[in-house]
There are 4 protein chains.
Amino acid sequence: MDKRDQIIDAAIGLFAEQGFDKTSISAICEKVGVSKGLVFHHFKNKDDLLREVFIKITDIVRNSGERSPAITDPKARLVAYIESIFTAMSVPDYKVLYQLNFNVMVQPATRTLLLDLIEERVLLMRQATEEVFNYMGYKNSAIVSQMFVAEIDGIALNYLFSVEEFPLDEIKTEFIKKYT
Amino acid sequence: MDKRDQIIDAAIGLFAEQGFDKTSISAICEKVGVSKGLVFHHFKNKDDLLREVFIKITDIVRNSGERSPAITDPKARLVAYIESIFTAMSVPDYKVLYQLNFNVMVQPATRTLLLDLIEERVLLMRQATEEVFNYMGYKNSAIVSQMFVAEIDGIALNYLFSVEEFPLDEIKTEFIKKYT
Amino acid sequence: MDKRDQIIDAAIGLFAEQGFDKTSISAICEKVGVSKGLVFHHFKNKDDLLREVFIKITDIVRNSGERSPAITDPKARLVAYIESIFTAMSVPDYKVLYQLNFNVMVQPATRTLLLDLIEERVLLMRQATEEVFNYMGYKNSAIVSQMFVAEIDGIALNYLFSVEEFPLDEIKTEFIKKYT
Amino acid sequence: MDKRDQIIDAAIGLFAEQGFDKTSISAICEKVGVSKGLVFHHFKNKDDLLREVFIKITDIVRNSGERSPAITDPKARLVAYIESIFTAMSVPDYKVLYQLNFNVMVQPATRTLLLDLIEERVLLMRQATEEVFNYMGYKNSAIVSQMFVAEIDGIALNYLFSVEEFPLDEIKTEFIKKYT
DNA sequence: GATGAATGAGAATTCATTCAT
DNA sequence: TATGAATGAATTCTCATTCAT
C-alpha cells in the first residue's frame, strides 16, 4: 500500500484512540515508519491530514452502507436498517470510526475545520434514513428521521464511551419496539 | 467573588468554547486578570483545575434539577421532566455546560482523568430518570431509562453542534409523543 | 543587566554579523546563556524581537548625535557634521549598527516589518542634515540633504562591505571638499 | 528557452523580490513549472544557483553598458555617463537587478559566497568610471571614482528602498551639477 | 533530461510548570 | 496570596538535498 495511505490509516487509528490534538505527527510517523518530512510532503499541514482522514472515513461509511438488500416490507426494512446500524456500531473496525467522528465533531477547532465535510456526511445519513421512513408512510419523516439520527448518535455515544457495560442488545430491542 | 472561583468560571467558559487542550493557562489568566503563578497556587496542575471545573458543573446541574414540583399524574410528570430537560438545553448558560460536558467525555485523555466524576454524574441522571419511569409503571425501567438518557444525549449533541438550524421544539413534541 | 536587555544586545550582534534570517533564536540563547522559552516570554516572536532591536539602535543613534557642540561658522559646522558621521562609521561599536541597518533595510521581509520605525529614523537623520544645510544658506536644502544622506549611505555601504581596503579618510577629504 | 535558463530567470525574480534566504527551491520550481529534481540536476546546490544568477546579472550589466557612443567632449561624456546610470536605475527590468545586488552584497552569508564575483563586478564598474574621470583630467581619479561609485550606490539604495517618493530627477540634476 | 517520493536537520513557537521574591 | 521570570520538553512545520525510476 501507498505510504500516503498508510499515513492516513495510522492517523485514523491514533486520532480515534488519543484524539486529534493529543496525536503528534511524530507518533504517526513512528507507527508507519516514515519521516516527519514525508507527512508534510503529502499533506499541507496537520489540519489537511485530518481532512483527508475524514474524507476517507466518509468513503468507508458510504461504501459499507450500500449492501442493503431489497426488502419490500416497510416494517421489515426499517428493522433491517436499524439492525445494520447497531451491527456497524459494535464491529471493532467501525467503533474506531465512530469514536473519531465524535471526537472531531465536538471539538470546536476540528469541527470548524471540517464543517463542510461534516455537513455532507450528515446529509448523506439523513437522506438514507428519510427514505426508510418515507417508505413506511410517515408524514413528518423529515423531523422523525432527524430525531432518529440524533438518537442513534446518543446511543452510539453512550455505548462507545460508557463507564460500565452498555447493554447494546437490549437497547436495540427496545429501540426497534419504539419505532414499529 | 473569590479569585479561585473566578478562575474556575473563566476556565468553564474557555474550556467549553475552545476545548480543554486548546485552552492555555495563560488564556485563563488573561481573562481573569491574574498571574499564572496564582493558578498553580490554587490548583495542583491543569488536570486538577479541570476536575474542579467538572465538580462545579455537576453541582450546578444537581441544584438546578431539584426545583421540580411534585406532580402526581405519572404521564404529566414524565412530560414535565422531558420539558425541563429540553428547556435546560436551550438556556445559553447551560448550553456551555453541555458543550464542555461532551468535549470532556469524548476526549480520551480528559475522559480518563474524570472517569470517577463522570460515573457519579451519569448515575445521578440515571436515577432521576429511572424514578420517573418507575412511577409510570415501566417494568424494564432500567433499560428504558438508559436508552432515554442516551437519546437525550444524542438530541443535545445534534442540537448543540448541528450545522444547520436544529428544530428543537418539533423534536421535543415528537419525543414526548413517543414516550407517552 | 536585565536578561531582556542582554537578549536584545546579543541579538544586535548576531543579526549584524549573520543577518536576521540566518540568526536562530537558539544562537541568541546560547550567547546569552538562557533558554529559548525566555526569549518568547519577553518577545512575542522573532519579528517582535527585531523591532525591539531596531528601536534600541535608533535610541543609541539618537543619543549619540546630541553631543554636537555649538559651532557658529556655517562652513565649520558642516565640516564638523561630516566628520562626526565619518567617525561614527569607523567606530567598531557603530559599525555593527550600520551593518544591521543595511541588512534590515534591504531585505524585503524585514523592511516591511520595520517600515514605520525606518521612516521615523530616516526623518530624524534628514532633519538633522537639513538644518545644517539651511544654516549654510542653501535654497534647495531639502533636495541637497536628501542627496547628502543617500551619498553617506553609499559611502558607508562601500566602506563596510568593501572587498578590498576602503580609503575612508581620502574619501572623507574629497567629500568635504565637494560640499564646501 | 532552455529550462536551465528559465530556472535562472525565475530565481532572479524571486531572489530580488523576497531575498535569497526567503526564496525556497520549491517556489522557483512552481514558478517555472519544473520539479525540484531538475533544479538539482542543473545546479549543484542552492548556493551554486545563486552564483549562476549573479554571473548572469553581471553579463546583462556588462552588455548594457557597452552601447555608450563615442563622445569627445569630456564634460559631455561625464554627463552622458551619469545619465545612463540614472536611466538604468529607473528601468523596471534593471531595478530588480539592483535590488538583488544590494540584497546579496549586504547579507553576510551570500556576500561571502559571491566574494570573487562581486570583486570582479566592482572592478568592472570602477574601471569604466575611472576612465571617464581620467578623460576629464582628474589627477586623483582613483579616489574620486571610488567615491562616485559609492555615491551612486547610495542614491540607488535610497531610490529603490525609500519609504516615500524619491525625487530621482532633482537628485540627478544636483548630482551632475556637483561633478561638473 | 526529468520526476517526485523520501529524508533529516533545524527552525520557530507553545505551554505547563517551578521557584524566588 | 500573588507575581512573573525562567525552564525544558514537545510540537508543527520548512527546506535543501538525495535517489530510484
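Throughout, a chain's letter reflects where its sequence line sits, starting with A, and its residues are numbered from 1.
For residues 40-55 of chain A, the salt bridge (charged side-chain N to carboxylate O under 4.0 Å, His left out) pairs, not counting sequence neighbours, are A/R4-A/E52, A/R51-A/D116. Listed by first then second residue, pairs satisfying salt bridge (charged side-chain N to carboxylate O under 4.0 Å, His left out) with a partner in residues 12-26 of chain B read A/D21-B/K22, A/K22-B/D21, not counting sequence neighbours.
Between A/E30 and A/K36 there is no salt bridge, since none of the side-chain N atoms of the basic residue sits less than 4.0 Å from a carboxylate O of the acidic one.
In this structure, the side chains of A/I60 and A/Y94 come closer than 4.5 Å at one or more pairs of heavy atoms. By the 4.5 Å heavy-atom criterion applied to side chains, B/L50 and B/L113 are counted as neighbours.
Within the structure, a side-chain polar atom (N or O) of A/K3 is placed less than 4.0 Å from OP1 or OP2 of E/dA6. At F/dA6, one or more side-chain N or O atoms of C/H42 fall inside 4.0 Å of OP1 or OP2 (strictly under the cut-off). Phosphate contact (OP1/OP2 of F/dA2, side-chain N/O of B/H41, threshold under 4.0 Å): absent.
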Dot-bracket encoding per residue of DNA chain E, Watson-Crick/G-U cut-off under 3.5 Å, | denoting interstrand
.||||||||||||||||||||
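Counting to the nearest Å, the P atom of F/dA10 and the CD atom of A/Q18 are 14 Å from each other. Taking atom CD1 of residue D/I7 and atom P of nucleotide E/dA2, one finds them 8 Å apart after rounding to whole Å. Summarising the geometry, the separation between CD1 on D/I28 and P on E/dT3 is reported as 15 Å, rounded to the nearest angstrom.
For the pair B/F54 and B/I118, the tightest heavy-atom approach, listed with the atom from each and the gap, is CZ-CG1, 3.7 Å. Across all their heavy atoms, A/F15 and A/L49 have their closest contact at CZ-CD2, 4.2 Å.
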Evaluation steps, side chain to side chain contact (heavy atoms under 4.5 Å, CB included), between D/T110 and D/N103
CA-CA 9 Å; D/T110 50; D/N103 218 302; over 6 Å; no
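Residues from residues 103-110 of chain C that place a heavy atom under 4.0 Å from any atom of DNA chain E: there are none.
Applying the salt bridge (charged side-chain N to carboxylate O under 4.0 Å, His left out) rule to A/D9 yields the partners A/K56; only residues at least two apart in sequence or on another chain are considered.
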Do nucleotides 13-21 of chain E as a string where each nucleotide becomes B, S or -: B if the base has a protein heavy atom under 4.0 Å, S if just the sugar-phosphate does, - if no protein is that close.
BBSSBB---
